[in-house]
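So that the names make sense, note that chain A is the first sequence line, chain B the second, and so on, each numbered from 1.
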Amino acid sequence: MAARRRRVANRWRRQARRFGITALFVAVAAGLWHFQERELRDGLSWQGVTTWQELTPLSFHRVLRNDGFLVGWSDVRVNPLWVSYLLHDVEDPNAGPRPGFQRDWRALWPISPDSYFGSGYDRGHLAPNYAIAAVHGSAAQRDTFLMSNMSPQRPDLNRRLWQRLEEVVMDRFVPRFGTLQVITGPVFPASFRDNVLNRVGLVEVPEAFYKILVVPGEEPRALAFLMPQRVAGDESLDDFLVSIDELEARTGLDFFPQLPEAAAVALEAEVETAGWGLEAVARLPGRF
DNA sequence: TTTAATGT
């Protein structure tokens, strides 16, 4: 009788030890994953990964790590709230042929490549095809065609004004400064009714789009644009300059959470165009 | 320098 009780107790002890070892292994593996993931994210962002100022259902998002860029994906708005990437000067910039749009299976909702069909909106890249492909290669280029990198854009914005801005960034600013951190994304209407109803299928339609350019360094400089959906397309780019503070107020995001307060004030409070040579490129004609 | 994308 006593021998049998001892056998049972021993079996339980062995089970407990086995469970403990498994739990320890899982904890260590999760810790290693977390540490490595944080390193990889930090390598794709300047002064910290963009996050919300206050956590609400509309500001909640999760970070999708792609080849060459990060996406702050919202399953509530069914949009990227921001994308973040680095561009640097390359010898012979060129991109392969456009690989075609793909569903992103990490998204909660089924957003297929044809889900904008007949809506009157373009599948607008946030992380751009050409610049990402030229700097980060063809695997990164394929990732820019994931539907998690798209937001509904009016054709006159996407193909004209926004395209001109993307071209100036890659062809003028990147060679001029060597390295550029870019954060870009949509701005949504304040009206809850629009948030719920103004959608292409499941995808909420933004009212505007922002793009932030930062030249990293001891004394970083930044330029920020806010462009509405309805544009003619041939406007001067400097018509759309805003401060980063204004974009943080409109989006509820903190774009550079590790930037010290004094540096943030210097960089974000005012529109400062000195040194960018914007006047020379603000009216360059579109490609299409 | 076809770096945007639709609809056929």
Practice problem: For atom CD of A:Glu270, decide whether the heavy atoms of other residues, nucleotides or ligands shown that lie under 6.0 angstrom number more than 12. | Solution: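 Check fails, neighbour count at 12 or below.
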Quiz item: Is the count of non-hydrogen atoms from other residues, nucleotides or ligands lying under 6.0 Å from A:Arg106 atom CZ greater than 12?
Solution: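 Yes, because the 6.0 Å sphere around CZ of A:Arg106 holds more than 12 heavy atoms from other groups.
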Quiz prompt | Distance, P atom - from B:dA4 to B:dT8, rounded to whole angstrom | solution =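 Here B:dT8 and B:dA4 have their P atoms 22 Å from each other.
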Quiz item: If only atom types and distance count, is the side chain of A:Arg123 paired as donor or acceptor with the main-chain N or O of A:Pro113 below 3.5 Å?
Solution: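 Flag set: sc A:Arg123 to bb A:Pro113 pair under 3.5 Å.
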Self-check item: Per-nucleotide protein contact string for nucleotides 2-8 of chain B, where B marks a base within reach and S marks sugar-phosphate only (heavy atoms under 4.0 Å, - for neither)
Solution: SBBBSS-
Self-check item: Pair A:Phe145 and A:His125, ring centroids less than 6.0 Å apart
Solution: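 Ring-ring flag for A:Phe145/A:His125: true, centres closer than 6.0 Å.
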Self-check item: Contacts of type side chain to side chain donor-acceptor pair (under 3.5 Å), residue A:Arg77, not counting sequence neighbours
Solution: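 A:Arg77 satisfies side chain to side chain donor-acceptor pair (under 3.5 Å) with A:Glu204 once adjacent residues are dropped.
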Quiz item: So what stems show up for DNA chain B if we need 3 or more Watson-Crick or G-U pairs in a row, all under 3.5 Å?
Solution: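 Stem list for DNA chain B: empty.
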Quiz prompt | Residues that A:Phe177 engages under ring-ring contact (aromatic ring centres under 6.0 Å, His included), provided they are two or more places apart | solution =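 Checked A:Phe177 against ring-ring contact (aromatic ring centres under 6.0 Å, His included); matches are A:Trp276.
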Quiz item: Taking only residues two or more places apart in sequence, or in another chain, which ones meet A:Phe288 in a ring-ring contact (aromatic ring centres under 6.0 Å, His included)?
Solution: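 Checked A:Phe288 against ring-ring contact (aromatic ring centres under 6.0 Å, His included); zero matches.
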Practice problem: Could I get the full list of salt bridge (charged side-chain N to carboxylate O under 4.0 Å, His left out) partners for A:Arg38, not counting sequence neighbours? | Solution: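 If we apply the salt bridge (charged side-chain N to carboxylate O under 4.0 Å, His left out) test to A:Arg38, skipping adjacent residues, there are no hits.
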